[in-house]
Protein chains: 2
Amino acid sequence: MSQSTPGTKNRGRPKVRPQALAGQAPAAREKPAEKENRIHRAIVDGVMEQRLKPGTKLPEAALCELFGVGRSLVQKVLQRLAHDHIVELRPNRSAIVAMPSREEVGKLFEARRALEAAVLPLVAEHATRADYASLRRQLRKEHAAMHRYAQTEWAGLASAFHIRLGELSRNPMLRRYLSELISRCSLVVALFQPPGNATCEHDEHERVVDCLEKGDVRGARREMDRHLRDLEAHIQLVEEDTDLSLADMLGLAADP
Amino acid sequence: MSQSTPGTKNRGRPKVRPQALAGQAPAAREKPAEKENRIHRAIVDGVMEQRLKPGTKLPEAALCELFGVGRSLVQKVLQRLAHDHIVELRPNRSAIVAMPSREEVGKLFEARRALEAAVLPLVAEHATRADYASLRRQLRKEHAAMHRYAQTEWAGLASAFHIRLGELSRNPMLRRYLSELISRCSLVVALFQPPGNATCEHDEHERVVDCLEKGDVRGARREMDRHLRDLEAHIQLVEEDTDLSLADMLGLAADP
DNA sequence: ACCGGATTTTTTGTCGACAATTAATGGTTT
DNA sequence: AAACCATTAATTGTCGACAAAAAATCCGGT
């Protein structure tokens, strides 16, 4: 199969465009650490909202200009993003937005199922009445957003539920690992979920809390496992075999 | 060239001493990435073998001189170490070797129990005959080292068993998380285990493999949980309440 | 016209310099 | 003598500069 397209000089992956990154104006004076977080958040948001598509190049120089900082900061941020698997970092090459393969996505959800299951007994062990109450409050907000068709807000709240469970395990390491997996999953969901295709998820979250509050850990695990498999089943990977530069270019051409 | 100025007053936390870091001579030409790994490994080894005690300051300038690199590299390495919780990184202050509190250690082992339990079913699902055979081979080496009283080697092999289980889960994320927790645990064990107090661990590892090979996941989980609780029970934390600078000074005073 | 090698361009890797921040020191007052 | 404040020293935070690697481009041979 021939992949060489004669005459196409500007072939390759798209570079970052200014509009793709919400240009947060640097406040008059900000604490040093905040600068780093600002850049980090801007890129994460860009990826989550699909302004930055997988494979997009993120050259350090461009980011420096866009955010008005030196390369040291940009490098530190890219390092962090690479560790969270949001960008891919190759030696002597531009960092690119991570493009998980079909298999990686499978393993990712597998890991998440395992970790959520591992967390539930600890939640049941440590959670108090007040904790369950706050969970219920969160679920109400979630429902409200869903019925309002506030897509992105709802996605955030749905993740927040799982993250809250991680917190309720009262274990910082498990919480951190779970948060990491949840972020990556919602990234994948955002990537492969064409806008509008909202997976209405009934009240699977509620059922998990019901079981937990009854002390039925095994039931909670079962419900959670089913919920996560549902979530995974709802995403369809549309993947190109070896080279998606053409698709990228088309995507880039369709400029808002 | 005078090496270290003997007139410095060493009050407060101990600083890094040249002997405490195995001075790997930089090979004639090494790949860029290897430099970073060399420094990383040197510090990790130093901590594991207790040449670098918790609370030891690691100023960037000193590390630069010791390894003959610039501050960028040192910073990158410290960043990585901080992420692995081997050093603690405070803003505008020297990085110090991490000193886990009693509670952190408890949570650490809790997380590890949860994760090892979560990994076992996947191992049982994916492992082949050959995998079990290689596990058994590894166990034989472990036994040999134990009977030879090769303390440090045996510790490494014992960790290797658990790490191998992580690999056999065939899940990169779970493998990485588990490896991280195992490293931190063996770090803690090394810290609080006075040399000579070898916890002979019978053949708890064998029992886990036995259950796995029989397809008895639940049994394997039970054995593993017991094994890890045993391990935790064998470490005694000798901790100071709020401030251990005095103890540090004493530790430093007892200088070879 | 096409392929392969030399050249230019882009981009990262690494370093030392300067500014900012914190800890340590010393001097003054009560 | 103890506490407080000003000054000094040590250490990190951030930046641009230069070198090295890879990619993109150009060019001559078949």
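Proteins get letters first, then strands, A, B, ... in listed order; numbering begins at 1 in each.
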Using whole Å, report how far NZ of B:K76 lies from C1' of D:dG13. 17 Å
Whole angstroms only, please: what is the CZ-C1' distance between A:R38 and D:dG13? 16 Å
Each nucleotide N or O in nucleotides 17-19 of chain D that has a protein N or O under 3.5 Å away: list the pair and distance.
| unit_1 | atom_1 | unit_2 | atom_2 | d |
| --- | --- | --- | --- | --- |
| D:dA17 | N6 | A:R71 | NH2 | 3.3 |

Return the value, rounded to whole Å, for the distance between atom CG of B:L63 and atom P of C:dT14. 16 Å
Between A:E232 and A:R113, does any side-chain N to carboxylate O distance fall below 4.0 Å? yes
When the distance from CD1 of A:I96 to C1' of D:dA22 is rounded to whole Å, what number comes out? 15 Å
Please verify the inter-ring angle class for B:H83 with A:H83; under 30° counts as parallel, over 60° as perpendicular, anything in between as tilted. tilted
Phosphate-side-chain proximity, A:R93 and C:dT11, N/O vs OP1/OP2 below 4.0 Å: no
B:K57 NZ to D:dA10 C1': how many Å, rounded? 8 Å
Sugar-phosphate only, base, or nothing, as touched by A:S72 at under 4.0 Å among non-hydrogen atoms: base
Spacing of A:L89 atom CG relative to C:dT11 atom P, expressed in whole Å: 15 Å
Among the nucleotides D:dC15, D:dT11, C:dT11, whichever has the atom closest to the side chain of A:S94 is C:dT11
Check the pair A:L81, A:V44 against side-chain contact (heavy atoms from CB on, under 4.5 Å), reporting the backbone distance first and the verdict last. CA-CA 8 Å; A:L81 290 168; A:V44 170; 3.8 Å; yes
For salt bridge (charged side-chain N to carboxylate O under 4.0 Å, His left out), just list the numbers for B:E36 and B:R80, CA-CA rounded to whole Å, side-chain angles, deciding distance to a tenth of an Å, and then say yes or no. CA-CA 10 Å; B:E36 198 181 310; B:R80 238 169 80 192; 3.0 Å; yes
Heavy-atom closest pair (A:K141 atom, A:L157 atom, distance to 0.1 Å) is O-CD1, 3.8 Å
Looking at C:dT12, D:dT12, C:dT14, which one has an atom nearest to any side-chain atom of A:N92? C:dT12
For B:S169 and B:H126, work out which heavy atoms get closest and say how close. O-ND1, 3.5 Å
Nearest whole angstrom, please: distance from the C1' of C:dT14 to the CZ of B:F67. 17 Å
Tell me: CG of A:L73 to P of C:dA20, nearest whole Å? 15 Å
Charged N to carboxylate O below 4.0 Å: is that the case for B:E167 and B:R164? yes
Tell me which nucleotide among C:dG13, C:dT11, C:dT14 gets nearest to the side chain of A:P59. C:dT11
